[in-house]
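Quick note: residue numbers are just sequence positions, from 1.
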Amino acid sequence: MTELNTRTVPPRRALLDLAPLELDCMNTLWPMGQGTVREIRDRLAARRPRAYTTIMTIMDRLARKGIVDRRKVGRAYMYRPNLSAEEARGHALDQVIENFFAGSKEALLAQLNCDGPRARAVAAAGALGGGPARSANDGSSEELIAAKRRDDSR
């Protein structure tokens, strides 16, 4: 009897260690759920045109790091993230807190509170949301940018 080995490989490296193009590929892949190199390259091309082989290399690196899973479908590989965008943000924020604030969320909040216009923009965006953290697709980024622009124009 053959046992199915469906293991989830945790990311081996810190998410903050991702190169900018690796992060761009992940930001492209997350909303797709899964995709081939061609699909990722085509969606990425509008803001960051790259050769097919470049994206193929990046996706291979992400697979080796355990950030994405890949399986052969026909002649191409299908890539799927091993963690959601929200989980990745949480891990990245945890790394920032650990590496820059000695594990203290209070120190991070103090930094945000004393950082002038940026802190006011974050606070304004939080007031607009009126509650727990929201996903990146619900307009919160746009609200943060608008609040920062309003604050900077004063």
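Between T36 and A76, the shortest heavy-atom distance links the atoms CG2-CB, 4.4 Å. For M59 against V68, the heavy-atom pair with the smallest separation is O-CG2, 4.0 Å. Annotation for C25 and I55: closest pair SG-CD1, 4.0 Å, computed over non-hydrogen atoms. Taking all atoms of both residues into account, the shortest heavy-atom contact from G33 to P81 is O-CD, 3.1 Å. For the pair Y79 and A63, the tightest heavy-atom approach, listed with the atom from each and the gap, is CE2-CB, 4.4 Å.
Inter-residue side-chain proximity for L44 and R47 is flagged as met; some heavy-atom pair is nearer than 4.5 Å. F101 is listed as a side-chain neighbour of Q111, based on a closest heavy-atom distance under 4.5 Å. No side-chain heavy atom of I58 sits under 4.5 Å from any side-chain heavy atom of V37.
Annotation: R50, atom CZ; neighbour count of heavy atoms from other residues, nucleotides and ligands within 6.0 Å is above 12.
Note that NZ of K72 is 12.0 Å distant from CE of M78, once rounded to the nearest 0.5 Å. Rounding to the nearest 0.5 angstrom, the gap separating the CG atom in N99 from the CG atom in D94 is 10.5 Å. Note: L108 CG to E98 CD = 12.5 Å, rounded to the nearest 0.5 Å. Rounding to the nearest 0.5 angstrom, the gap separating the CZ atom in R89 from the NE2 atom in H91 is 12.5 Å. Distance CZ/R61 to CD1/I67: 13.5 Å, rounded to 0.5 Å. Remark: Y77 OH to D69 CG distance equals 11.5 Å, nearest 0.5 Å.
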With side chain to side chain contact (heavy atoms under 4.5 Å, CB included) as the criterion, how do L29 and R43 come out once you've worked through the C-alpha distance, each side chain's angles and the decisive distance to 0.1 Å?
CA-CA 9 Å; L29 183 60; R43 291 196 182 184; over 6 Å; no

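Between Q34 and the choices R71, R70, E39, the side chain to side chain contact (heavy atoms under 4.5 Å, CB included) rule is met once, by R71.
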